[in-house]
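Beneath this line is the structure, given in structure tokens, with notes to follow.
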4 protein chains.
Amino acid sequence: MESIGDIRRTEIIEAFFRTISEKGFARATIREIADRAGCNHGLLHHYFEDKQAIIHASVEHAVNVYKQDLLEGLNKFESAAEQLRFLVPRYLDIGRLNLEISQAWLDLYALSKNEASIQKPVQACFREAREIISGVIARGIRDGEFRKVNARVMANVILASLEGATLLWVVDAEETPLKAIGKQIDDLIQTYLQKE
Amino acid sequence: MESIGDIRRTEIIEAFFRTISEKGFARATIREIADRAGCNHGLLHHYFEDKQAIIHASVEHAVNVYKQDLLEGLNKFESAAEQLRFLVPRYLDIGRLNLEISQAWLDLYALSKNEASIQKPVQACFREAREIISGVIARGIRDGEFRKVNARVMANVILASLEGATLLWVVDAEETPLKAIGKQIDDLIQTYLQKE
Amino acid sequence: MESIGDIRRTEIIEAFFRTISEKGFARATIREIADRAGCNHGLLHHYFEDKQAIIHASVEHAVNVYKQDLLEGLNKFESAAEQLRFLVPRYLDIGRLNLEISQAWLDLYALSKNEASIQKPVQACFREAREIISGVIARGIRDGEFRKVNARVMANVILASLEGATLLWVVDAEETPLKAIGKQIDDLIQTYLQKE
Amino acid sequence: MESIGDIRRTEIIEAFFRTISEKGFARATIREIADRAGCNHGLLHHYFEDKQAIIHASVEHAVNVYKQDLLEGLNKFESAAEQLRFLVPRYLDIGRLNLEISQAWLDLYALSKNEASIQKPVQACFREAREIISGVIARGIRDGEFRKVNARVMANVILASLEGATLLWVVDAEETPLKAIGKQIDDLIQTYLQKE
DNA sequence: AATGAATGAGAGTTCATTCAT
DNA sequence: GATGAATGAACTCTCATTCAT
């Protein structure tokens with residue numbers, strides 16, 4: 001059972017993402033966000049201490065929404081190879097189908113360098129993603145599915161290619177055939193890891 | 001021959017990059033930039049129409065400085081494989097050694113979604129990078145060095161992995177072993193392209 | 001018999017004094033007062049028309065509590081000299097022992113210049129004090145205890161020295177030896193009035 | 001030679017006093033002050049870091065303007081008795097003739113309890129006044145003009161009566177015959193100190 | 001060319017007040 | 001009676017921009 005407070009908080013967070021996605025972080029003012037959330041700007045300060053708190057809550061929310069999906073999906077597969085094969089297109093799909101969030105994340109990445117309060121959850125998010133991926137790879141190596149590689153470094157490479165592809169696509173969707181890129185990344189990795 | 005105006009303009013552009021790298025785009029005020037450029041803030045409006053113009057000129061400047069280096073390097077190598085082998089670490093090195101610019105670029109990527117005046121040069125920059133890389137791959141295929149792949153898609157994958165690695169590194173340098181990642185990307189690509 | 005409404009009103013008034021004493025008038029918000037009164041902020045508007053009304057009621061309340069004590073004390077003494085001798089330390093003691101109220105009064109004095117609704121009760125309070133003191137002096141003169149002075153002016157001087165001493169003490173308690181000052185004021189006045 | 005900056009700063013400080021005297025501290029907004037200073041509100045932030053800085057500078061300014069006059073006057077007299085006789089009406093006159101500042105001071109006294117940045121200069125102001133007065137008294141005692149009293153305590157009493165008289169007068173000018181009160185205070189003190 | 005005084009739009013934030021529950 | 005969600009006015013402060021000097 002959700003209280004009206006929880007509902008409002010979620011509305012505000014969603015409005016925040018919609019705003020930075022549509023207008024950019026710099027123009028995501030308290031009043032803009034309130035308009036999109038369909039409420040008075042004063043109400044945002046009723047539910048959140050200040051703007052920082054909205055940002056912070058939003059990042060945490062996004063981390064959960066964005067990445068939780070991956071873990072659930074992974075559990076459906078047995079072998080490490082299959083898990084990786086699932087992971088790559090799914091990772092890109094989440095962004096592609098959730099345009100708002102993908103564009104917003106880019107703003108958050110940029111902000112994280114200079115705002116400690118954002119940096120922490122963003123780094124935590126990447127750390128988690130690295131751990132998921134390197135966990136899959138390590139298991140693949142242990143089970144003899146994959147060739148021996150540095151799982152941590154390889155996870156970074158995979159994460160980089162996925163985040164990089166999303167970045168290219170956010171900056172220039174027309175020139176970035178995201179699906180084909182996803183397939184190519186998948187093929188590249190599978191081929192490499194399974195090479196004897 | 002550079003006029004004093006050109007010198008001032010260059011100083012301002014460099015000061016702009018230093019500022020967004022050190023303080024973030026949001027805190028890159030006209031006054032901050034002027035301080036770093038060692039001149040009065042009013043003078044910035046003398047040399048540039050408005051703040052947008054400074055940003056625009058800076059992006060164009062950075063595209064030239066940042067990417068031109070790659071082309072020069074590539075010309076030193078004959079084979080496509082060698083060119084690619086040069087490109088990967090060099091691309092990452094430019095960012096790593098020029099921390100300021102790497103961090104600044106991330107801000108510009110984020111801004112580009114919502115600022116048409118930034119979007120154009122940023123997209124042009126990626127287009128150029130893609131063309132350079134896909135050109136190398138296409139030549140490798142034509143010369144029989146590489147297996148047959150879609151050069152355009154493959155170029156996107158390489159560019160994505162390089163930009164993605166830089167992104168990860170900007171967000172969390174400690175957890176991102178950039179050199180090892182570069183080597184792994186290189187190995188991955190070479191292995192894949194040269195596989196029969 | 002006090003209704004629950006009267007009890008609440010008194011609680012609110014006391015909470016108001018505690019608040020302006022602890023945080024200053026500027027920070028005495030409706031919510032702060034409500035917190036201290038142990039009730040919801042909305043309830044304050046149920047019992048009082050608006051914030052002005054709380055202030056107004058509080059001033060009137062304080063006038064009664066603060067000054068009534070003096071009259072009761074005075075009645076215990078016969079001669080004017082004894083009454084004055086009682087009055088001086090007692091006046092200072094009330095403030096000293098009731099730090100909260102003394103600090104709050106200072107805020108109210110300051111406000112009274114610009115808020116007619118506060119000015120009236122504050123002026124009434126001073127008028128009453130002047131009348132009590134000048135009454136004592138006038139009786140002392142009539143009874144031959146005191147030398148002939150302008151009772152009204154003398155009352156003002158006594159009131160001024162007492163209020164002034166409290167003011168100094170509120171502003172800087174460490175540098176203001178209130179007890180010694182009280183004794184000196186007493187000695188000064190007694191010596192003067194009884195001089196032949 | 002005063003720069004335009006110094007002139008503006010002085011104008012702003014004077015406008016600040018006029019504002020809190022006319023409207024009270026609570027309504028002394030940056031815009032109100034700017035209006036009275038005949039300039040744009042943004043300019044106040046050009047000359048002062050923030051509102052606190054305006055308050056701070058104003059208090060320091062007032063201390064100098066208000067009290068310096070006393071020291072100059074004192075030097076014209078030889079004997080301690082004459083100095084005291086000069087001091088009392090002069091102290092009250094400064095306030096009376098400079099209505100704005102007197103009313104403003106009351107606000108500052110009230111604020112000082114809760115604002116450390118105001119408390120310090122206000123306490124310093126009182127400390128200085130106490131030292132001036134106790135210095136005069138101590139000299140009078142040493143020179144055999146005055147009876148032996150605790151100069152520090154006596155100075156507090158005199159200061160209290162003067163500040164208290166001003167307080168009464170600010171709160172209710174009609175009921176406070178400031179001149180007569182001043183004479184009475186003078187007579188009281190002279191009589192007491194010179195009594196053998 | 002260079003300065004810095006001056007402007008005004010707009011940001012985040014606070015808070016008294018209202019009102020449905 | 002009691003709560004807390006909701007509103008809107010007004011506050012301090014920031015900043016790009018203009019302009020007289």
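The structure presented is a predicted model; accordingly, all values stated were derived computationally and were not measured. Quick note on labels: first sequence line is chain A, next is B, and so on, each numbered from 1.
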Does [X] reach a base, just sugar-phosphate, or nothing at all? Heavy atoms under 4.0 Å.
| X | result |
| --- | --- |
| C:Y47 | sugar-phosphate |
| C:R8 | sugar-phosphate |
| C:L43 | base |

Trace of the side chain to side chain contact (heavy atoms under 4.5 Å, CB included) decision for D:H61 with D:N64: CA-CA 5 Å; D:H61 177 81; D:N64 294 337; 5.8 Å; no

Tell me whether the side-chain N/O atoms of [X] come closer than 4.0 Å to OP1 or OP2 in [N].
| X | N | result |
| --- | --- | --- |
| C:N40 | F:dA2 | no |
| A:H46 | F:dA5 | yes |
| D:H45 | F:dT14 | no |

Look at the rings of A:F25 and A:F16 and say which category their plane angle falls in: under 30° parallel, 30 to 60° tilted, over 60° perpendicular.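 Judged by the thresholds at 30° and 60°, the geometry between A:F25 and A:F16 is perpendicular.
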
To the nearest Å, give me how far apart [atom1] ([X]) and [atom2] ([N]) are.
| X | N | atom1 | atom2 | result |
| --- | --- | --- | --- | --- |
| C:E32 | E:dC15 | CD | P | 9 Å |
| D:F48 | F:dT14 | CZ | C1' | 18 Å |
| D:I33 | F:dC13 | CD1 | C1' | 13 Å |
| C:L44 | E:dC15 | CG | C1' | 13 Å |
| D:K51 | E:dT13 | NZ | P | 18 Å |
| D:D50 | F:dT14 | CG | P | 8 Å |
| A:R9 | F:dA5 | CZ | C1' | 11 Å |
| B:F25 | F:dA16 | CZ | C1' | 12 Å |

Can you find a donor-acceptor pair, distance only, under 3.5 Å between A:R31 side chain and E:dT13 base?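 Pair found.
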
So does D:H41 reach the base of E:dA9 with its side chain, donor to acceptor, closer than 3.5 Å?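 For D:H41, whose side chain was compared with the base of E:dA9, there is a donor-acceptor pair (under 3.5 Å).
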
Need the pair for [N]. Rule: Watson-Crick or G-U wobble, both distances under 3.5 Å, any strand; none if unpaired.
| N | value |
| --- | --- |
| E:dT21 | F:dA2 |
| E:dT7 | F:dA16 |
| E:dA1 | none |

Whichever of C:Q52 and D:G38 has its nearest DNA chain E nucleotide further upstream toward 5':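 So the residue in question is D:G38.
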
Out of F:dC13, F:dA16, E:dA16, which has the shortest distance to the side chain of B:T29?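 Comparing F:dC13, F:dA16, E:dA16 against the side chain of B:T29, the answer is F:dA16.
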
Any heavy-atom pair between the side chains of D:F17 and D:L108 that's under 4.5 Å?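 A side-chain contact exists here, since the closest heavy-atom pair is under 4.5 Å.
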
Can we say B:R27 and B:E32 salt-bridge, meaning some charged N sits less than 4.0 Å from an Asp/Glu carboxylate O?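 A salt bridge is absent here (no side-chain N lies under 4.0 Å from a carboxylate O).
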
Assess whether a salt bridge exists between C:E11 and C:R36, defined as any Lys/Arg side-chain N lying under 4.0 Å from an Asp/Glu carboxylate O.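 Salt bridge flag = no for C:R36 with C:E11.
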
Please check this pair: side chain of D:Q103 against backbone of C:K113, looking for a donor-acceptor N/O pair closer than 3.5 Å.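 No, because the side chain of D:Q103 does not come within donor-acceptor range (under 3.5 Å) of the backbone of C:K113.
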
Tell me which of A:I4 and C:I4 sits closer to the 5' end of DNA chain F, going by the nucleotide each one is nearest to.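 In this pair, the answer is C:I4.
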
